[in-house]
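Below you'll find the structure, written out as structure tokens, and then a few comments.
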Amino acid sequence: MHYIYLAAGIAIEILGSTFLKMSDGFQKKMLGLLCLASYAIAYYLVAVSMKVLPLNIAYATWCGVGTLCTMLIGIFCFNEKFKRSGYIGLVILLGGIIALNLL
């Protein structure tokens with residue numbers, strides 16, 4: 001169950017990050033409010049997951065998966081470009097997340 005809370009927290013944090021980009025520096029008030037609400041819910045869900053999961057696993061997974069997914073959203077939804085080193089870094093990040101959760 002704790003991984004479900006973590007996964008939900010990750011998904012809502014990704015949504016919040018997307019709202020942050022779309023809010024245009026909080027110029028679009030409704031999207032800015034949705035961003036803040038999403039982050040609050042995401043932090044709550046991750047905190048609940050940490051009742052069982054160790055901090056190092058929960059937080060690293062939350063940050064790493066969130067980073068990976070927001071990069072993909074940036075590429076596919078906002079046409080952002082990344083250098084090859086950025087992709088290499090994310091592959092290393094993904095390997096670290098997998099190692100933390102399996103080892």
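For the single chain, residues carry numbers from 1 onward in sequence order.
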Item to check | Any Tyr3 side-chain heavy atom under 4.5 Å of Leu53 side chain | outcome: yes

Checklist entry - Would you say the side chain of Leu6 lies within less than 4.5 Å of the side chain of Trp62, judging by non-hydrogen atoms? => result yes

Checklist entry - Above 12 or not: heavy atoms from other molecules or residues under 6.0 Å from OH of Tyr5? => result no

Next on the checklist: Atom OH of residue position Tyr44 - does it have more than 12 heavy atoms of other residues, nucleotides or ligands inside 6.0 Å?
Outcome noted: no

Checklist entry - With distance as the sole criterion, is a donor-acceptor pair present between the side chains of Ser23 and Gln27 under 3.5 Å? => result no

Hydrophobic cluster identity match, [X] and [Y], side-chain contacts under 4.5 Å:
X: Phe76; Y: Ile10; value: yes
X: Ile12; Y: Leu34; value: no
X: Ile57; Y: Ile98; value: yes
X: Met22; Y: Ile75; value: yes
X: Tyr43; Y: Leu15; value: yes

Item to check | Partners passing side chain to side chain contact (heavy atoms under 4.5 Å, CB included) against Leu68 (at least two apart in sequence or in another chain) | outcome: Leu90, Leu94

Residues sharing [X]'s hydrophobic cluster, by side-chain heavy-atom contacts under 4.5 Å among ILVMFWY, directly or via others?
X: Leu36; result: Leu20, Phe26, Tyr39
X: Val52; result: none
X: Val91; result: none

Looking only at heavy atoms, what is the nearest atom pair of [X] and [Y], with distance?
X: His2; Y: Ser49; value: O-CB, 3.3 Å
X: Ala60; Y: Leu100; value: CB-CD1, 3.4 Å
X: Gly9; Y: Ala42; value: O-CB, 3.4 Å
X: Val65; Y: Ile14; value: O-CD1, 4.5 Å
X: Gly64; Y: Leu93; value: O-CD2, 3.8 Å

Item to check | salt bridge (charged side-chain N to carboxylate O under 4.0 Å, His left out) contacts in which one or both residues fall within residues 28-56, not counting sequence neighbours | outcome: none

Checklist outcome for this item: In short, salt bridge (charged side-chain N to carboxylate O under 4.0 Å, His left out) pairs touching residues 71-89 with sequence neighbours left out are Lys21-Glu80

Next on the checklist: Here's a test for you: under side chain to side chain contact (heavy atoms under 4.5 Å, CB included), which of Thr61, Leu55, Asn56 qualifies with Tyr59?
Outcome noted: Leu55

